[in-house]
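Residues: numbered from 1 along the sequence shown.
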Amino acid sequence: MSSEAKTPILRSCIKLPLANDELLEVIAKAKDYAIMHGAAMRSKISYSADSLNFAPFVLVPSSFPRKEFEKAVALQPIINRLMHNVAHDEEFITTTLAETIKVDEFTANLFNIYRKVLANGFTQRISLGMLRSDLMLESDCPELSPVLERPAAATVAANDAAMSDDVGAVEQQLDAKLNLANVRKCNKELNGSVGASTASSAYCCWKQVEINTIASGFGHLGPASKTIQSFVLTELGHAEKIKRMPKNNALAGLCDGMVKAWDIYAKPQAVILFIIEDVSYNICDQRFHEFYIRENYPHIKVLRRTLTDVHRDGKLGQRKELLLGTTEVAVIYFRAGYEPGHYHSQNEWDARYLMECSLAIKCPSIHYHLAGTKKVQQALAQPAVLERFINDPEEIKAVGKIFTGLYSLDDNEAGNASYEMALRTPEKFVLKPQREGGGNNVYGVDIPNALKRMTRVERSAWILMDLIHPPLSQGYMVRPGGDMPPQIVDMVSELGIFGVVIGDADNILHNYQAGHMLRTKLSTANEGGVAAGLGALDSPYLIDNEDEAGYY
């Protein structure tokens with residue numbers, strides 16, 4: 001997408017372009033700074049377990065409206081509670097996925113584990129949810145009538161798990177009363193702005209892209225992004241702007257969630273187990289979780305094992321405790337297991353079932369995993385469905401506003417209507433399967449051919465989603481092997497808000513917002529995964545309006 005005259009633009013936090021000599025010098029420093037502060041990954045092109053490349057990053061932070069950021073932070077505990085309630089609603093999950101599991105083998109395998117665990121009763125009723133709610137600014141909201149218009153061509157697909165790589169202090173813990181007050185404030189501000197002039201604003205609201213319930217990455221890389229960009233701003237003589245970059249304790253917030261679950265398990269010798277891929281490219285983001293726990297809670301040991309390892313070494317003890325050899329596992333944190341390629345054979349599926357049957361507290365448990373499927377989230381976008389899980393009318397209203405259009409493709413009247421709509425105007429949509437990890441979606445003009453290759457039954461494994469129309473930002477994207485000096489490019493961003501929720505079907509013991517991350521990609525790219533090389537680390541620079549001092 002090009003930055004045409006009518007496309008909304010969120011301007012840079014500093015004056016661009018930079019002089020070439022200044023640009024080259026600060027980038028050289030920033031690359032080394034990134035590697036030396038753990039903002040790095042193993043190369044997928046020339047992999048070596050003994051070397052790292054810096055992770056792609058945007059040189060200076062991208063502007064983001066303060067009100068929208070604060071609204072997302074305020075809503076996260078409500079979203080946590082929503083997903084917790086969904087995960088514990090057997091009838092809803094079973095009914096919602098009934099058609100999908102007929103044609104989607106991966107989801108069906110997950111559901112079969114869920115069904116068997118239900119039949120035997122949950123050995124461990126407590127679940128740990130470490131969620132990430134991904135959102136994009138929508139500059140074409142129906143609630144407002146923006147003065148700034150954009151051409152039809154200037155649209156960007158909502159970045160689902162495309163921007164979701166597997167790549168203590170808590171930023172803000174809100175109790176129910178305070179959070180509801182913030183939500184009511186957000187509702188009032190939004191309603192009060194309807195019909196108002198928006199000539200000075202390049203956005204009007206944010207919309208939900210997806211809610212991740214498994215392997216919600218960037219707990220380390222989110223805060224690391226701020227560290228890099230704070231260094232760059234200081235080097236460029238703009239240290240005073242760092243105060244507009246919000247505090248980000250995502251790593252501490254998430255790791256402390258695992259420790260809270262470990263405390264609930266109450267076995268001092270038990271360990272926290274990370275389930276990992278056979279090859280971990282996004283090693284820093286994973287290892288820093290482990291290192292944080294070991295440094296701040298040295299009495300808690302962390303192990304890293306693959307699903308294959310668990311099948312070989314795992315067993316249940318007399319109390320159904322999970323044992324790896326003789327070591328008891330208190331908490332299982334899945335950084336793998338969210339895509340078919342992680343299950344090489346039935347052995348890996350057996351390992352997943354073994355863990356689900358165990359006394360260990362899972363993150364996520366199998367029902368939390370299923371709650372994060374696209375089909376479930378499509379169902380939640382219907383207002384009547386939200387009322388099933390949220391009691392407060394203000395909260396229902398606030399959550400309802402964040403959903404963009406999500407449409408079923410089941411073989412029924414509504415699904416067939418969605419199918420015809422996608423064939424007529426494919427440029428308005430993105431087609432999404434029940435997958436995490438990115439690279440699975442179908443966009444725009446490619447949708448008709450994809451749909452026509454599917455049978456009516458096969459379509460039920462997919463959902464249709466409206467494209468989101470985010471404003472542009474402009475800046476320098478720095479990546480390994482990239483051109484030097486880099487050119488200023490048009491970019492769009494996706495904000496992820498982390499949340500931690502711990503509880504069982506009857507009680508929530510802990511529920512808080514736990515930091516954030518921002519990923520930015522070229523505006524011309526559909527997919528935006530950082531580990532995939534299409535996106536870049538970033539962090540928000542909060543703005544109140546476009547006329548304030550220092551906002552160019």
Side-chain angles (χ1 to χ4, degrees), residues 1-14 16-17 55-65 68 134-141 146 148-165 201-210 225 229 404 426-430 432 438-439 441-447 465-479 482-483 485-496 517-541 543 546 552:
M1 178 173 68
S2 62
S3 55
E4 301 180 44
K6 294 184 179 181
T7 302
I9 297 176
L10 291 166
R11 300 177 188 175
S12 174
C13 66
I14 65 171
L16 298 178
F57 62 90
V58 177
L59 190 62
V60 297
S62 294
S63 295
F64 200 96
E68 299 306 302
D134 290 342
L135 57 101
M136 295 183 83
L137 290 173
E138 170 61 87
S139 56
D140 195 19
C141 285
L148 288 174
E149 298 178 354
R150 78 190 43 71
T155 60
V156 173
N159 302 34
D160 75 330
M163 291 185 77
S164 70
D165 289 291
S201 180
Y203 75 96
C204 67
C205 67
W206 60 262
K207 291 295 183 182
Q208 188 77 59
V209 176
E210 68 173 354
S225 307
Q229 292 175 328
T404 189
E427 70 279 0
K428 295 182 178 180
F429 303 104
V430 56
K432 294 178 150 187
N441 296 338
V442 181
Y443 295 87
V445 295
D446 295 327
I447 290 176
M465 181 175 179
D466 285 345
L467 291 182
I468 293 176
H469 305 80
L472 293 174
S473 59
Q474 296 177 324
Y476 297 106
M477 191 175 286
V478 183
R479 59 180 64 256
D483 293 338
Q487 300 299 305
I488 292 177
V489 292
D490 292 342
M491 307 176 294
V492 294
S493 299
E494 180 178 305
L495 179 68
M517 49 78 71
L518 191 74
R519 287 159 303 174
T520 296
K521 64 166 188 167
L522 294 175
S523 63
T524 52
N526 283 328
E527 307 287 359
V530 174
L534 298 168
L537 307 182
D538 202 353
S539 46
Y541 175 84
I543 58 172
E546 297 185 14
Y552 302 103

Which atoms form the tightest heavy-atom contact between [X] and [Y], and what is the distance?
{"X": "D538", "Y": "V60", "value": "OD1-O, 3.8 Å"}
{"X": "P540", "Y": "L518", "value": "N-CD2, 3.8 Å"}
{"X": "G535", "Y": "R479", "value": "O-NH2, 3.7 Å"}
{"X": "L537", "Y": "A55", "value": "CD1-CB, 3.7 Å"}
{"X": "L522", "Y": "M477", "value": "N-CE, 3.8 Å"}
{"X": "I447", "Y": "P426", "value": "CD1-O, 3.8 Å"}

Got a donor-acceptor contact below 3.5 angstrom from the [X] side chain to the [Y] backbone?
{"X": "S139", "Y": "H469", "result": "yes"}
{"X": "Q208", "Y": "D134", "result": "yes"}
{"X": "Q229", "Y": "V58", "result": "yes"}
{"X": "E68", "Y": "W206", "result": "yes"}

With side chains defined as the heavy atoms from C-beta onward, is the minimum distance between [X] and [Y] less than 4.5 Å?
{"X": "T520", "Y": "F57", "value": "no"}
{"X": "I543", "Y": "F64", "value": "no"}
{"X": "L495", "Y": "M136", "value": "no"}
{"X": "V209", "Y": "I468", "value": "yes"}
{"X": "S12", "Y": "Y541", "value": "no"}

Applying side chain to side chain contact (heavy atoms under 4.5 Å, CB included) between S473 and each of S62, S63, P61, report the one that passes.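 For S473, the side chain to side chain contact (heavy atoms under 4.5 Å, CB included) test succeeds with only one of S62, S63, P61, which is S62.
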Would S225 and S539 count as having a side-chain donor-acceptor pair, cut-off 3.5 Å?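 No, because no side-chain N or O of S225 sits under 3.5 Å from a partner of the opposite role on S539.
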Taking atom types as modelled, find out whether D490 and S523 have a side-chain donor-acceptor pair closer than 3.5 angstrom.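 No pair is found: no donor N or O on one side chain lies under 3.5 Å from an acceptor on the other.
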In Å, rounded to the nearest 0.5 Å, how long is the span from CG of N441 to CG of D446?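 Reported to 0.5 Å precision, the distance equals 11.5 Å.
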In sequence, state the C-alpha distance, the side-chain angles, and the governing distance for Q474 and L16, and then conclude on side-chain contact (heavy atoms from CB on, under 4.5 Å). CA-CA 9 Å; Q474 296 177 324; L16 298 178; 5.7 Å; no
Stepwise side-chain contact (heavy atoms from CB on, under 4.5 Å) test for L472 and M491: CA-CA 6 Å; L472 293 174; M491 307 176 294; over 6 Å; no
